[in-house]
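Notes to accompany the following structure.
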Amino acid sequence: MKTVVITGGSSGIGKATAELFAEQGWRVYEWSRSGQSSDKITHIACDVTKPEETKAAAKKVIEEAGQIDVFISNAGFGISGAVEFTSSEDAHRQMEVNFFGALNGVQAVLPYMREKKAGRIIFTSSVAAVLSIPYQSFYSASKAAINALALALQNEVRAFGIHVSVLMPGDVSTGFTAARKKSEEGIDAYGNIRKAVSAMEKDEQGGMSPRQMAKELYSIATCACPAPQYIGGAQYKIFCFLDRILPKRLVNWIVGKLY
């Protein structure tokens, strides 16, 4: 029986992914601050921003299951607001959870994967890492940092038989939207904040299902030779393709017009 660890597995994409792996006969561990164990999924209380907790959680999985075959770094949250008026505390918190939380999880599981000379690490990133969204700049930056980390990490761990991949979903309908920390500070200067964020959230709530992204993650975890990056959703593959072939100035102007 193979073992998968999923961070942020108590809701949204993480929960759907944990359920899918369990259905397929995997031994599933989800790390989060507020989840609960079920018949097929073992919850481990873990705040990914605390390295000591991720290391303790990884050790517990090894003690119980003996191995970690796949690690899916999925925990994250979003903030929105104008760059000029975003507090340093909010910006740091965004990076602390989305980027350093992912890093902490990776550093916790890598020693066991290296020893076994096998394993897969999959990050849940975002199309926003490629197409930076106005008034969601720090979220976009955190996911762009994940993409860069994943590419470099793949070259570091290739010799140990470890594969690293990133899934970049487009809009997905989850509780992520309601949980976003929104700031309208500076709205007198940046009058389109509310309209832009509202349009973004409408797209999210009309987006793909978490189950669809779970299937994508399962496919990456089980394919023979995973690629470094995947895009979740057909229309978003078109958007990212256009980003590669069109002038960046034009692409960025179009994104600005959308929001």
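In this chain, residues are counted from 1 in sequence order.
With Thr177 contributing its side chain and Glu201 its backbone, the two residues share no donor-acceptor pair below 3.5 Å. Judged by distance alone, the side chain of Lys59 and the main-chain N or O of Ala108 form no donor-acceptor pair under 3.5 Å. With Ser37 contributing its side chain and His43 its backbone, the two residues share a donor-acceptor pair below 3.5 Å.
Heavy-atom contacts from other residues, nucleotides or ligands closer than 6.0 Å to NZ of Lys116 number more than 12. With a 6.0 Å radius and a threshold of 12 heavy atoms from other residues, nucleotides or ligands, Gln24 has its CD atom above the threshold.
Applying the ring-ring contact (aromatic ring centres under 6.0 Å, His included) test to pairs two or more places apart or on separate chains, none has a residue in residues 72-125. Within the structure, the side-chain hydrogen bond (donor to acceptor under 3.5 Å, both in side chains) test picks out the following pairs touching residues 47-57 (sequence neighbours left out): Asp47-Thr49. For residues 166-205, every residue pair satisfying the ring-ring contact (aromatic ring centres under 6.0 Å, His included) rule, not counting sequence neighbours, is listed here: Tyr139-Phe176.
Shortest non-hydrogen contact noted between Ile13 and Thr174 is N-CG2, 4.3 Å. Across every non-hydrogen atom of Val127 and Cys240, the tightest pair is CG1-SG, 4.0 Å. Taking each heavy atom of Ser125 and Ile146 in turn, the nearest pair found is CB-CG2, 4.3 Å. The shortest heavy-atom contact between Val28 and Ile6 is CG1-CD1, 4.3 Å.
Judged as a side-chain contact (heavy atoms from CB on, under 4.5 Å), and not counting sequence neighbours, the contacts of Asp203 are Asp171, Tyr259. Contacts of Arg120 classified as salt bridge (Lys or Arg N to Asp or Glu O under 4.0 Å), with partners at least two apart in sequence or in another chain: none.
In this structure, Leu167 and Ile72 have side chains that are not in contact, with every pair of non-hydrogen atoms separated by 4.5 Å or more. Using a 4.5 Å cut-off on side-chain heavy atoms (C-beta onward), Ser73 and Ile121 make no contact. The side-chain heavy atoms of Tyr218 and Glu23, taken from C-beta on, include no pair separated by under 4.5 Å.
Under a hydrophobic-cluster definition in which Ile, Leu, Val, Met, Phe, Trp and Tyr are linked whenever side-chain heavy atoms come within less than 4.5 Å, directly or via other members, Leu217 and Met113 are assigned to the same cluster.
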For residues 151-162, please give each side-chain donor-acceptor pair under 3.5 Å, one per line with the distance, not counting sequence neighbours.
residue, atom, partner, partner atom, Å
Gln154, OE1, Val164, N, 2.8
Gln154, NE2, Ile162, O, 3.2
Asn155, OD1, Arg158, NH1, 2.7
Asn155, OD1, Arg158, NH2, 3.3

